[in-house]
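Shown next, in structure tokens, is the structure this report addresses.
Naming: A, B, ... by sequence-line order, numbering from 1 per chain.
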Amino acid sequence: MEKEKLIHLLNRIGEMLEILGENPFKSRSYYNGARIIEGITEDLKKITEEKRWNEYKGIGEGLAQKISEYIETGQIGYYDELHEKVPDEILEMLNIPGLGPKKISVLVKELEITSIRRLERACRENKLVGIKGFGEKTQENILKGIEYLKKTSDRHLFAVGLANAERLIDYLKKEKSVEKIEVAGSIRRRKETVKDIDILVQTREPGKVSKLFIEYPEVTEVIAHGPTKSSIRLKDGLNADLRVIKKDEFPFALHYFTGSKEHNIAMRSRSKDFGLKLNEYGLFTGNEEKIQCKSEEEIFRKLKLSYIPPELRENFGELDAAEKNKIPVLIEENDLKGIVHVHSTYSDGLNTIEEMAEQCLSLGYSYIVFCDHSKAAFYANGLNEERVLKQFEEIDKLNKKFKEKKFKIFKGIESDILPDGRLDFEDEFLDKFDLVVGSVHSSFKLSEEEMTARAIKAINNPFLTVLGHPTGRLLLSRDAYKINLESVIEAAGKQNVLIEINSNPHRLDLDWRYCRLAKDNGVKLMICPDAHATKGIADVKYGIGIARKGWLTEKDVMNTLPINEFEKFLKEHKKERLKK
DNA sequence: GCCGTTTTCGGCCCGACTGTTTTCAGTCG
């Protein structure tokens, strides 16, 4: 996607400027610009043509010029200029933990080290020791950092981060002196991928807890161990930080370490406007007097803001909304009343229809919609017409059994969207389903225009209910296919087609950054586990996190409807769409 | 490079930990 490349170039410019020893605030402007672009869901070309970059705070003349240049020519001259001086191999060294731009700059100048490979060799030959600012310990740490890099990528799926955090917290709770323990950071904000785990502890025995922490059985390395902060590396490849917090500082620390960094900067800057200073220890007046706050809510209140849930703290407009008391009541896990889009043994699932339904029932849901793969998905044992009808028979039979439990199984399908945008069943047959999810599972390499047209054609099919995983991305392993989501969302709004928030931890697709755009276009969403086994049904909790990050409420998501209303909704929705 | 109802120049969030240093720079979050 061209937007991704722009974000990449801006970030790279920031990094190159750091290595060249430029004004750090200049690099920050570029990083900040990249982030702003990331949050924009509008068409960048349109903004450029209409010369509206000045509407975006943080993008000034310089950045606007470079972004426009990129949109018009596909490149940025300034980037190429810097890139002559700082090749990619040097920049890659920034990924080594503990090694930053200053040290890299020295290494390049003193030892002509211009790649990780050369750096590793120089360390092994003991060449770093003796250079000003370097010593044995630094050399050792760089080697360790290189090893770490080879072993792991620096980001991890949210689900992996959360599971590790929960295990670690359970372990630390064994220490009786722990009065309060919370996970902060990107896990608390429910980011789709996370870098590390931040844990805050309030205790009478800081030493004991820190010791317990570094003795955690899953530790592979202790990176730091101080009186208030310790840092470890876990066998799953991610780092965990522990911070010991005093009781009256806990809310401030919780807010501070939850971030995001950008949200914090905005909050500090707002504090300044009130003549106050905010840091992880407290909120202070001009004469260093502490303003007491017992909770995060109070901190926000003192700054004349309503409470901002952690998921929204990305500096994407939450301070403005909180100031105007316009933070929405976000959807919660128990708002979901039914499970939509699961697979069974009929296609590529591991459990039978009955097992999946029983699982839903035991989790307290009152309906389930099966959407097994359709006939074009032969790799996933997709169903042809005949097998669909057989599945219908079984569902009808089971529904008799479930009736007394006020639970219902609905008949759905995950129909492949063919490369030309048709669904892989005839209309008359699609009409037999209660709900049709349409998904792209093939020909990922189409051009953006072709892929966008493909999705929109599917949306125009009156039998489509929900557009499934709209970008096809697999987090940390496969990029989204090229598609103009803005146009797709607009089309879905016009045609009254729902969009899925696929809750599989590898997908989390629709991305939270686009949820608000969907909402603004009148698009309703469906939070789906895309479960292939009973265990996968609980994945909807990840989808809830994404929906919350996307500012969505109970009303924006249709499987929050109780069973009777949901059934009515499906019928009326189909009728409405056929009328159009 | 960005920003401004004190400002078009001079700020830009701020503290912990580490390692190499005798008082601090670099890195990280």
Side-chain angles (χ1 to χ4, degrees), chain A residues 10 13-14 16-36 53-54 56-67 76 78 82 93-107 128-142 144-145 154 184-189 194-200 206 210 222-232 239-245 249 252-253 255-273 275-284 315:
Chain A
L10 294 177
I13 291 177
M16 294 190 287
L17 290 172
E18 281 199 79
I19 290 189
L20 292 169
E22 270 274 7
N23 179 352
F25 297 104
K26 190 166 163 182
S27 350
R28 207 171 82 183
S29 304
Y30 279 94
Y31 296 137
N32 194 34
R35 242 187 56 84
I36 293 168
W53 284 111
N54 55 353
Y56 291 90
K57 203 170 162 243
I59 294 183
E61 238 175 88
L63 276 168
Q65 182 270 317
K66 272 138 201 145
I67 295 167
I76 300 176
Y78 186 51
L82 294 173
M93 291 198 275
L94 280 172
N95 296 325
I96 301 170
L99 199 57
K102 296 279 161 45
K103 283 209 160 80
I104 290 174
S105 176
V106 172
L107 290 172
L128 269 56
V129 179
I131 298 175
K132 193 163 182 259
F134 289 78
E136 250 173 63
K137 220 35 197 296
T138 307
Q139 182 170 273
E140 204 180 296
N141 283 339
I142 290 174
K144 268 191 203 160
D154 66 334
S186 47
I187 295 181
R188 184 159 181 248
R189 300 201 314 279
V194 302
K195 211 173 149 192
D196 51 20
I197 300 171
D198 293 287
I199 291 178
L200 308 186
S210 301
V222 177
I223 301 163
H225 185 203
T228 64
K229 183 197 162 179
S230 301
S231 190
I232 55 177
N239 293 355
D241 291 344
L242 178 81
R243 291 166 211 271
V244 180
I245 314 291
E249 292 170 352
F252 299 100
H255 174 263
Y256 179 84
F257 289 111
T258 296
S260 65
K261 204 168 153 188
E262 290 76 13
H263 168 87
N264 286 352
I265 290 172
M267 286 287 283
R268 282 167 185 246
S269 150
R270 184 177 176 87
S271 309
K272 253 185 159 176
D273 294 345
L276 304 172
K277 189 180 86 173
L278 179 67
N279 61 25
E280 61 262 55
Y281 301 107
L283 183 62
F284 303 91
N315 199 27

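Comparing A:N239 and A:K66 along DNA chain B, the residue whose closest nucleotide (by nearest heavy atom) sits nearer the 5' end is A:K66. Positionally, the nearest nucleotide of DNA chain B for A:Y56 lies more toward the 5' end than for the other of A:Y56 and A:P97.
As judged by a 4.0 angstrom heavy-atom cut-off over every strand, A:K132 is placed among residues making no nucleic acid contact. Nucleic acid contact class of A:D196 (heavy atoms, under 4.0 Å, all strands): sugar-phosphate only.
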> Would A:K57 and A:E262 satisfy salt bridge (charged side-chain N to carboxylate O under 4.0 Å, His left out), going step by step from the backbone distance to the final call?
Replying inline: CA-CA 13 Å; A:K57 203 170 162 243; A:E262 290 76 13; over 6 Å; no
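By the salt bridge (charged side-chain N to carboxylate O under 4.0 Å, His left out) test, A:K26 pairs with A:E22, sequence neighbours left out. Under the rule for a ring-ring contact (aromatic ring centres under 6.0 Å, His included), the partners of A:Y56 that lie at least two apart in sequence or sit in another chain are A:W53. Applying the salt bridge (charged side-chain N to carboxylate O under 4.0 Å, His left out) test to A:R188 and every residue at least two apart in sequence or in another chain returns A:E296.
Taking atom P on both nucleotides, B:dG1 is separated from B:dT6 by 28 Å, rounded to a whole Å. B:dC14 and B:dT8 are spaced 27 Å apart, taking the C1' atom of each and rounding to whole Å. For the P atom pair drawn from B:dC2 and B:dC13, the interatomic distance equals 15 Å after rounding to whole Å. To the nearest whole angstrom, the two P atoms, one in B:dC17 and one in B:dG10, are 36 Å apart. B:dT21 and B:dG26 have their C1' atoms separated by 12 Å, with the value rounded to a whole Å. The same atom, P, is picked in B:dT23 and in B:dC28; the two are 25 Å apart, to the nearest Å.
We find that CE of A:M93 is positioned 12 Å from P of B:dT27, with the value rounded to whole Å. One atom, CD of A:E61, and another, P of B:dT8, lie 17 Å apart when rounded to the nearest Å. Rounded to whole Å, the distance from CD1 on A:I13 to P on B:dG1 is 9 Å. When the P atom of B:dC9 is taken as reference, atom NZ of A:K26 falls 18 Å away, rounded to whole Å. Going from atom NE2 of A:H255 over to atom C1' of B:dG29 covers 15 Å, rounded to whole Å.
Base orientation at B:dT7 is syn, since its O4'-C1' glycosidic dihedral falls within 90° of 0.
Listed nucleotides B:dC3, B:dG29, B:dG1 differ in distance to A:K57; the shortest reach to its side chain belongs to B:dC3.
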Can I get a per-line list of side-chain donor-acceptor pairs under 3.5 Å for residues 60-67 of chain A, giving both atom names and the distance, sequence neighbours left out?
from: A:Q65; atom 1: NE2; to: A:E69; atom 2: OE1; distance (Å): 3.2
from: A:K66; atom 1: NZ; to: A:Y30; atom 2: OH; distance (Å): 3.3

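Annotation for A:D196 and A:N239: closest pair CB-O, 3.1 Å, computed over non-hydrogen atoms.
Exactly one of A:R243, A:K229, A:R268 qualifies for a salt bridge (Lys or Arg N to Asp or Glu O under 4.0 Å) with A:E280. That residue is A:R268.
In terms of phosphate contacts, A:K195 brings no side-chain nitrogen or oxygen within less than 4.0 Å of OP1 or OP2 of B:dC28.
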>> Walk along nucleotides 13-18 of chain B from 5' to 3' and tag each nucleotide B, S or - by protein heavy-atom contact under 4.0 Å, base first, then sugar-phosphate.
In response: BBSSSS
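Applying the salt bridge (Lys or Arg N to Asp or Glu O under 4.0 Å) test to every pair with at least one member in residues 96-105 of chain A, sequence neighbours left out, gives no pairs at all.
The pairing partner recorded for B:dT8 is none, the criterion being a Watson-Crick or G-U wobble arrangement whose two distances lie under 3.5 angstrom.
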